[in-house]
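What follows is a single structure, written as structure tokens, with notes after it.
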Number of protein chains: 2
Amino acid sequence: MNEKAASIPSYQPLYGQIKSLLVSSLANGEWKPGQMIPSESELASRFGVSQGTVRKAIDELATDNLLMRRQGRGTFVATHAEDRNSTRFLRLRAADGSVETHESRLISCRRDTASGRAAVMLNLAEGEPVVEVRRVLSFSGRPVTHDRIVLPASVFGALDASVIEAWEGSMYSLFETRFGVRLIRAEEHLTAVVAQADVAADLGVDERSPLLAVERVAYTYDDLPMEWRLGHYDTASHYYATTLD
Amino acid sequence: MNEKAASIPSYQPLYGQIKSLLVSSLANGEWKPGQMIPSESELASRFGVSQGTVRKAIDELATDNLLMRRQGRGTFVATHAEDRNSTRFLRLRAADGSVETHESRLISCRRDTASGRAAVMLNLAEGEPVVEVRRVLSFSGRPVTHDRIVLPASVFGALDASVIEAWEGSMYSLFETRFGVRLIRAEEHLTAVVAQADVAADLGVDERSPLLAVERVAYTYDDLPMEWRLGHYDTASHYYATTLD
DNA sequence: GAGTGGTCTAGACCACTGC
DNA sequence: CAGTGGTCTAGACCACTCG
């Protein structure tokens, strides 16, 4: 095709437009997490562009972890329901650097109304219905993190304790499978705080112990905030790892 | 060229080899921070490959922040001595999300011998000479972080208080300009701790206040650890920001 | 206008997977 | 062996910067 992006106002390259089309197909559920998307050559003829252009679009989506390429097999929609992805957002490491398996213990799951930081960060009005989950994550049998998770009830209304306790896998995997919500990106704000009574009790640490407070907001394909959580990590024997580059 | 990578043992693509060659030129100082490297077409003929192959190599180096592309101008060696890069490794934000300017106050700069975590992380034997810098960073006039920086004296022997106080710019910019050491990547380990007396005094917070402890190791082009630092951040009015994706 | 990076194409061939 | 992604090429043309 030669009569390309002639009338686009502020120039966007063809592969950028293809990328948007692919994201739309992901967002509207045409291709579901874990599924294979059409081959590069098929997409090229569908969109009327060369394979190289489709390739560049897919390259960027793979870099952003929206897609996963597997040589010889195809290109797949990324999913949290995979061993290598199930802890993608977990930055906690044991003091010796190893990545341990962890177990989750549910404390509560109840309906509530939005307020404070959670309401602001989720773009909800005060008082809108939400679901609030509290849980403790243990590493090698020892409680390390306490999480309070707030979700809009408009989407997660069907979430309750039995659903969570029956689920094998991560929260994000549950959201994908049971609610059709795929969270692809999150932002975290870290501070150091002193443990409050309830959290201290759940973690088995002294009140007033220092804890790492981790506030997280996770976003969908459309960049809508869909989950707010406040974690409190006991960093006596674990640390939070990041890379700067 | 058709007689390409015929005898390479475990297949490495051509652009990967070009990438290695480019990194070598960066590491041995053929092209210095801030300088422009040869154009893609010149590199293509120098290496006897197509421009597209050079391009792919440069693309990846630009993604890794080793090079910076500027359309219409050329490709440049990334440097910390640039406004947009001078705070590249600083993840601190004010509580309202803004990025403030900061001022550094030097507490001490002295020769010491390697020991403990610093020795281990810098691959130094106990007792090898190091330079230790302590400083406080203030945001909007208020002290927020206390840093203890340890550097191998074999490279940074000429560093002293007068050099630091005369310098306008970041530490990494100083390392580049005065010591020919470019640090391209760093890893951080975060924990929550209680303030010790000396740090508390320097930051003007109560002893036993919770602080965010940030241990950082920074690496050169050759992936050698060249800087170890232990920061203590007062997160009462600031937070540490990261993105998960 | 000359030079640089950025996009797009068409086609050849290689590497890997699974039937 | 067919199908998929991965690499490489050669060449055309576009967008941007600067003198």
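All values below were derived from every heavy atom in this structure, side-chain atoms included, with hydrogens, water molecules and symmetry-related copies excluded. So you know, we letter chains A, B, ... as the sequences are listed, proteins then strands, and number each from 1.
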inquiry  = Do A:Tyr221 and A:Ser24 pair up side chain to side chain, a donor and an acceptor below 3.5 Å, judged on atom types alone?
reply    = no
request  = With the side chain of B:Ser50 defined as its heavy atoms from C-beta on, choose the nearest nucleotide among D:dC8, C:dC8, C:dT9.
outcome  = D:dC8
message = Can you measure B:Phe47 atom CZ to D:dT9 atom P for me and round it to whole angstrom units?
response = 13 Å
Carboxylate-amine/guanidinium contact B:Glu215 B:Arg229, below 4.0 Å = no
task = Using side chain to side chain donor-acceptor pair (under 3.5 Å) as the criterion, list what pairs up with B:Ser39, not counting sequence neighbours.
result = B:Ser41
ask   = Can you check whether B:Lys56 has a side-chain N or O nearer than 4.0 Å to OP1 or OP2 of D:dC8?
value = no
query = To the nearest angstrom, how far is B:Ile58 atom CD1 from D:dC8 atom P?
reply = 15 Å
Donor + acceptor pair across side chains of A:Glu227, A:Tyr219 (<3.5 Å) = no
inquiry  = Whole angstroms only, please: what is the CD1-P distance between B:Ile37 and C:dG3?
reply    = 18 Å
note = With sequence neighbours left out, the residues meeting side-chain contact (heavy atoms from CB on, under 4.5 Å) with B:Ser98 are B:Ala94, B:Asp96, B:Glu100
What protein N or O atoms touch nucleotides 1-4 of chain D N or O atoms at under 3.5 angstrom, if any, and at what distances?
from  : atom 1 : to      : atom 2 : distance (Å)
D:dG3 : N2     : A:Gly72 : O      : 2.8

query = With respect to the side chain of A:Tyr11, which nucleotide from D:dA10, C:dG6, D:dA15 is positioned closest?
reply = D:dA15
query = Under a 4.0 Å N-O cut-off, is there an ion pair linking B:Asp245 with A:Arg88?
reply = no
ask   = Atom CD1 of A:Ile18 and atom P of C:dG6: how far apart are they, to the nearest Å?
value = 20 Å
inquiry  = Tell me the interatomic distance from B:Leu43, atom CG, to D:dT9, atom P, rounded to whole angstroms.
reply    = 14 Å
B:Arg142 and B:Ser237 side chains, donor-acceptor separation under 3.5 Å = yes
key: Upstream residue (5' side of DNA chain C) when A:Arg70 and B:Arg55 are each assigned their closest nucleotide   = B:Arg55
message = Between P on C:dT17 and CZ on A:Phe76, what's the gap in Å once rounded to a whole number?
response = 12 Å
inquiry  = Output the rounded distance in Å from CZ (B:Arg69) to P (D:dT17).
reply    = 15 Å
ask   = Separation of B:Tyr15 atom OH from C:dA15 atom C1', in whole Å?
value = 12 Å
